[in-house]
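Have a look at the structure below before the remarks.
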Amino acid sequence: MDDCLFCKIAAGTIPAKIVYQDELIVAFDDIRPQAPTHTLIIPREHFAALPDVPAAKGDLLAHILVKAPLIAAAKGIGASGYRIVLNTGRDSGQDVFHIHFHLLGGRRMAWPPG
Ligand code: AMP
Ligand code: ZN
């Protein structure tokens, strides 16, 4: 999609610290990390938010979750644990409207989240 920051990162036209990529997804480090490890995982295909992903694309969401442990291991937090967060819509605090999963770790996470 034109004029989408994360589409541009996926296409390589805006630089990012890429952690993992394949034909379906890209993982890159968050520019304002909220934990020692803070990596974003996105589908290459543009969907603004979770309700915009059709049921037929369920495998794509599953692919992200299947790859997340490998990405966490590559970041060195596979054994210590991590949190995966998907913000969607206004009250969640979603800022970038290209669906993305936050992979956070390297410190103890609080619950409930803020
Ligand atoms: P959210 O609030 O869930 O929409 O999260 C958007 C995330 O994107 C925030 O954690 C930002 O720090 C991150 N972000 C914004 N711009 C960039 C960028 N150019 N490269 C990497 N991460 C970014
Ligand atoms: Zn996009």
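We count ligands from 1, going down the list as the structure has it; atoms in each ligand are counted the same way.
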If hydrophobic clusters are built by linking Ile, Leu, Val, Met, Phe, Trp and Tyr wherever their side-chain heavy atoms come under 4.5 Å apart, do Leu65 and Leu70 end up in the same one? no

Of all the heavy-atom pairs spanning Pro36 and Arg107, show the shortest one and how long it is. CD-CG, 3.8 Å

Which residue and atom name correspond to the protein heavy atom nearest atom 6 (C) of ligand 1, and how close is it? His100 NE2, 3.4 Å

Region of Phe28 that comes within reach of ligand 1 [heavy atoms, distance under 4.0 Å]: side chain

Indicate, as side chain, backbone, both or neither, the part of Leu5 found under 4.0 angstrom from ligand 1 when only non-hydrogen atoms are considered. side chain

Are any of the N/O atoms in Asp30 less than 3.5 Å from those in ligand 1? yes

Between the CD1 atom in Ile71 and the CD1 atom in Ile77, the distance rounded to the nearest 0.5 Å is 10.5 Å

Looking only at heavy atoms, is any part of Val96 under 4.0 Å from ligand 1, and if so is it the side chain, the backbone, or both, or is it neither? both

With backbone taken as N, CA, C and O and side chain as the heavy atoms from C-beta onward, which portion of Phe6 lies under 4.0 Å from ligand 1: side chain, backbone, both, or neither? side chain

At a 4.0 Å cut-off, with the gap strictly under it, does some heavy atom of Asp29 reach an atom of ligand 1? yes

Could you report the tightest heavy-atom contact between Gln94 and Thr88, atom names first, then the distance? OE1-CA, 3.3 Å

Please confirm whether His102 approaches ligand 1 to less than 4.0 Å, judged on its heavy atoms. yes

